[in-house]
Amino acid sequence: MDDGEPKQQAHAPGGYGQDVPQRSDIDDILRRKRKAREYKACYPCRQRKVKCDQSVPCKTCVVREHPELCTYHPPSESHPPAKRLSMGINQNGNDFSNGMVHVHGGTVTLPREDWERICAKLQTAENSLADLKNSVASVSEVSPNAPTNGYSPATAGNTPLAATAPIDSETSHVRTQGIHTYNDFTGQTVHVGPSSVPALVMALGKGDSQFPGIQDVLGKKSILPIFGLDNETATYPFVDLWGLPHASMQRAQELANALPNDTECLSFFRCYRETAHVVYPAVADVEGIESDLLLFLINRASTQGTAGITDEQIYGKDFHWIGLIFAILASGCQCSTLSRKERELTSQVYICCSFECLRFTNFLSHATLENIQTLLILGNVISNNMNAGVSWSLMGLTVRLSQTLGLHRMCPLSTPLPVRMARSRVWWALLWQDSLLSISYDRASSTTTIDHTIPLSPHTAPGTRTYMESMYRLCKVGLDIVRERQRPQNSQEALVRITEHRNELQEIMVDAADYLKDSRRCRSMRDQLEHWALYLHISYVTSELCRPAISPSTAGSDLSKTLRKVCIDSLTNTVEAFLGLQNMTPFATRSWASVHRSISTALLLGILGEHNRNERARSLLTNLVQVLGDVTASVDPAELSAPITRSVLALQRLLSIPAAQRKTSESGSQSSPSITQFNVDEINGVLNGDGSLTQSPLLGLELDSSPYALMESIVWGEKKSP
């Protein structure tokens, strides 16, 4: 080596000494490789330059009353800066941003047209994936002309639930859109969702080649009364009792005269507080209402004649409060010892008086928290009069009025705690009633948003949660179930969803107080009522959640194998809970929620034939028939509720049908739904044994494998003209 050579060449690394990049190129490469800083604060906090706790939504956004704006990506960006700067870099650190691929050992340069061609192919692939996703989603609703294939266990995990069995266009419509049945009184169309019990019957039995002859039995009939889903009376619930000028002094005087004497007022209020309010707490502060009622009665007693009555107040109380009192009296009357005819007539008068007070206040324009509570109690009373359809319609109005008051949103932190708790409890009482109606009819909930925090008492903790707190959580799960039914999903997705909700239900019971989990821990009548009521509702919601598992269309699938026994056990538990509640209070047979849920589950158990292979189910169904029979035997037939009388008759017929030899492959509650033990001639004889039917609805019907075919013939009334 010559001493005159430059020293820097002697120390250059091999292979790179002859091509050192320019300094500007090095800076550019280092700039691109620099790790971008991730966003940590949400966008509103970054813009305002305030502290953010990095939760979703963050505390600052909640305090400033814009939690919906709390996002960690700016509105104009789909990803944060770190992702934007790294979009052109793949996992190996290669940079494709300028048509150059920097490999560890050097640089590969691509022509611009090749780079654009690669990008175009990637875009095409992305569009194809999006189209494929849309196609898969649309398969769940089979078109009328689309060819159908039989069920294949090998593809069960990827097959939409609505297409797991051969179906025609009409059955496909029922499974995706629900059914249209008819009201007994008016003949008008009534829609019931596709996952309700009546719709499940229709979907499994109508137009299916596996069940020949069933389509001759099905028609435009009323399936709703036996489940308590129809309106038992066609009378308008808010009739004008007096025909006097609206909001006049004469009407105010009539309302004051309609209030019962002190003894009856306190008696009906006590019935409401100790029974109806325990089972369904629609009033946020029942103790405060009771205190105000005592003062009201004292003022009334000290006032002579009509001196305390004006067109704005009655004995010192405005019509908002008077309307709430009338609603409470109507509900308390239903829990009283009056005869059914007297109970219904008296409660109907109080309902009309309560609504008249609402008209006095122009509640549609000037709704108050008392008005919402009044409407919730009225809806509950009307449904207990077996007019659940009217209650459903009234619920829509109640939801809208609640939203005008902002009950569906959280109050500012500056709002006093008692006011926040009262508003929150009223909103969750609304969700409670909405969940009972929505899951029974399988109709979309009227409440589209549930972003409230459940109002938990500071005096309770996991393991000591009250009945009210447990029911709030349960109602949220019920509404989630109804909403998710509206989305198409395959059996694997359904299994995942059901598993998630089952975990939620189990957490509710784990967090509940001991007396809610074990009746032996109950120390009062209130504890007993709450225990059996929670047991009834959580068992029924579990059966609704697992309902697809007992459908013949899912036989052999993972869904059916995994959850069928859970569904059967939940149906059985619902009947047991109703019997326990009936032992505590006769109100169990007057409550629409308990009657509907017990009747639906009992009929499903009977039609599935569980009483022939499950001793517990048979014992409970027999006890249910006996209890309901005792109730109906001591009451004038003219005063009996149609759902109870028809269900007792149907259950008696089901239990009296003898069982034939069953297949040796069937065992326990996990066997596939089958009705092969029933002989058509024997069934026809049972149905005609009392002489009430001139012709059995099962004549000519072949009962091969559907447990729901028998249900259809039992619960559907006579044909109605459209």
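What you are looking at is a predicted structure, and each value in this text was computed from that prediction instead of being measured. The figures that follow rest on heavy atoms only: side chains count, while hydrogens, waters and symmetry mates do not. Positions are given from 1, in the same order as the sequence printed here.
- The line from CG of L345 to SG of C333 is 9.0 Å long, rounded to the nearest 0.5 Å.
- Rounding to the nearest 0.5 angstrom, the gap separating the CE atom in M509 from the NZ atom in K517 is 7.0 Å.
- Nearest approach of T574 to L536, heavy atoms of both residues: O-CD1, 3.5 Å.
- The backbone N or O of A588 sits nowhere less than 3.5 Å from a side-chain atom of S591 that would complete a donor-acceptor pair.
- Here the side chain of Q403 pairs no donor or acceptor atom with the backbone of H408 at under 3.5 angstrom.
- Between the side chain of S383 and the backbone N or O of S391, no donor-acceptor pair lies under 3.5 Å.
- A donor-acceptor contact closer than 3.5 angstrom is absent between the side chains of H531 and R521.
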Derivation of the ring-ring contact (aromatic ring centres under 6.0 Å, His included) call for Y535 and F578: CA-CA 9 Å; Y535 187 24; F578 174 80; over 10 Å; no
side-chain contact (heavy atoms from CB on, under 4.5 Å) evaluation trace for C52 with T60: CA-CA 7 Å; C52 179; T60 304; 5.5 Å; no
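- Salt-bridge formation is not detected for the pair E500/R497: no Lys NZ or Arg NE/NH1/NH2 atom is positioned less than 4.0 Å from an Asp or Glu carboxylate oxygen.
- The shortest heavy-atom contact between Y315 and A256 is CE1-CB, 4.3 Å.
- Classification of the Y472-W428 ring pair by plane angle, with boundaries at 30° and 60°, yields tilted.
- In this structure a side-chain-to-backbone donor-acceptor pair under 3.5 Å is missing from S331 to A327.
- Of all heavy-atom pairs between Q528 and C522, the closest is NE2-CB, 3.6 Å.
- One finds the CD atom of E344 at 10.5 Å from the CG atom of N384 (value rounded to the nearest 0.5 Å).
- Considering all non-hydrogen atoms of both residues, F238 and L378 come closest at CE2-CD1, 4.3 Å.
- With sequence neighbours excluded, the residues that form a side chain to side chain contact (heavy atoms under 4.5 Å, CB included) with A429 are Y280, L376.
- Using a 4.5 Å cut-off on side-chain heavy atoms (C-beta onward), V426 and S402 make no contact.
- Taking 4.5 Å as the limit, some side-chain heavy atom of L516 sits within range of a side-chain heavy atom of E530.
- There is no side-chain donor-acceptor pair under 3.5 Å between Q334 and Y272.
- Among residue pairs with one or both ends in residues 383-397, none qualify as salt bridge (Lys or Arg N to Asp or Glu O under 4.0 Å); sequence neighbours excluded.
- Here the side chain of S424 pairs no donor or acceptor atom with the backbone of M421 at under 3.5 angstrom.
- Residues L255 and I322 form no side-chain contact, since every pair of their non-hydrogen atoms from C-beta on lies 4.5 Å or further apart.
- Taking the six-membered ring for Trp and the full ring otherwise, the centers of F319 and F326 sit at least 6.0 Å from each other.
- Under the 3.5 Å distance criterion, the side-chain polar atoms of S598 are matched with a main-chain donor or acceptor of V595.
- Atoms OG1 and CD, on T361 and E312 in that order, are 12.0 Å from each other to the nearest 0.5 Å.
- Summarising the local packing, NZ of K317 is surrounded by more than 12 heavy atoms from other residues, nucleotides or ligands at distances under 6.0 Å.
- Within the 6.0 Å centre-distance limit, the rings of F296 and W321 are counted as a close aromatic pair.
- Residues I351 and A330 share a closest heavy-atom pair of CG1-CB, 4.1 Å.
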Step-by-step side-chain contact (heavy atoms from CB on, under 4.5 Å) determination, Y540 to S570: CA-CA 7 Å; Y540 183 79; S570 299; over 6 Å; no
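- Classified by interplanar angle (parallel below 30°, tilted 30° to 60°, perpendicular above 60°), the ring pair F360/H246 is tilted.
- Looking at residues two or more places apart in sequence or on another chain, you find no side-chain hydrogen bond (donor to acceptor under 3.5 Å, both in side chains) involving R64.
- R465 and T460 form a side-chain donor-acceptor contact under 3.5 Å, judged by distance and modelled atom types alone.
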side-chain contact (heavy atoms from CB on, under 4.5 Å) evaluation trace for C70 with H66: CA-CA 7 Å; C70 187; H66 50 66; 6.0 Å; no
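- Using modelled atom types, one side-chain atom of D285 and one backbone atom of G288 make a donor-acceptor pair closer than 3.5 Å.
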From CA spacing to verdict: side chain to side chain donor-acceptor pair (under 3.5 Å), D318, Q313: CA-CA 4 Å; D318 60 28; Q313 290 186 341; 6.0 Å; no
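- Side-chain atoms of T601 come within 3.5 Å of backbone N or O of R597 as a donor-acceptor pair.
- A donor-acceptor pair shorter than 3.5 Å can be found between the side chains of N371 and T368.
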I325/D292 under side-chain contact (heavy atoms from CB on, under 4.5 Å): CA gap, chis, key distance, verdict: CA-CA 10 Å; I325 288 297; D292 290 342; over 6 Å; no
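- Of all heavy-atom pairs between P44 and L69, the closest is CG-O, 3.4 Å.
- Contact check on E254 versus R251 returns no salt bridge, with no Lys/Arg side-chain nitrogen under 4.0 Å from an Asp/Glu carboxylate oxygen.
- The residues D262 and R300 are annotated as salt-bridged, a charged nitrogen and a carboxylate oxygen being separated by less than 4.0 angstrom.
- Between the D527 side chain and the R523 main chain, a donor and an acceptor come within less than 3.5 Å of each other.
- Within 6.0 Å of the CZ atom in R420, the count of heavy atoms belonging to other residues, nucleotides or ligands exceeds 12.
- Using a 4.0 Å cut-off between charged side-chain N and carboxylate O, R526 and E274 make no salt bridge.
- Within the 4.5 Å cutoff, the side chain of P281 has heavy atoms near those of the W432 side chain.
- Using a 3.5 Å distance cut-off with no hydrogens or angles, the side chains of E504 and H501 do pair a donor with an acceptor.
- Checking side-chain atoms of R343 against main-chain N and O of L338 turns up a donor-acceptor pair under 3.5 Å.
- Between D511 and R473, at least one side-chain nitrogen of the basic residue sits less than 4.0 Å from a carboxylate oxygen of the acidic one, meeting the salt-bridge criterion.
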